[in-house]
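Worksheet: the structure to be examined is printed underneath.
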Amino acid sequence: MDIFKLITTLALTFVALAVFGMVIMYVAVNPHALIMIGLVVGCIVQVFKRK
């Protein structure tokens with residue numbers, strides 16, 4: 001069970017880093033995207049706070 005949890009954590013970390021890298025590349029091309037990303041992150045944070 002611990003091994004499965006470790007693999008899941010590593011997979012989620014890798015996905016998060018990949019998405020983060022893509023966001024940085026996108027923002028480098030289109031700085032106005034930061035506003036939209038800020039709104040999306042704010043919504044995600046609100047959802048997690050409710051749980």
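The shown structure was predicted, so the numbers you read here are calculated from the model rather than taken from an experiment.
- The hydrophobic cluster of Phe14 has no other members, since no ILVMFWY side-chain heavy atom comes under 4.5 Å of it.
- With values rounded to the nearest 0.5 angstrom, Ile7 atom CD1 is found 7.0 Å from Ile3 atom CD1.
- Note: Asn30 CG to Met36 CE = 10.5 Å, rounded to the nearest 0.5 Å.
- Atoms CG and OG1, on Asp2 and Thr9 in that order, are 10.0 Å from each other to the nearest 0.5 Å.
- In the hydrophobic clustering (ILVMFWY side chains linked at under 4.5 Å, chained through shared members), Ile37 is joined by Val15, Val19, Val23, Val27, Leu34, Val41, Val45.
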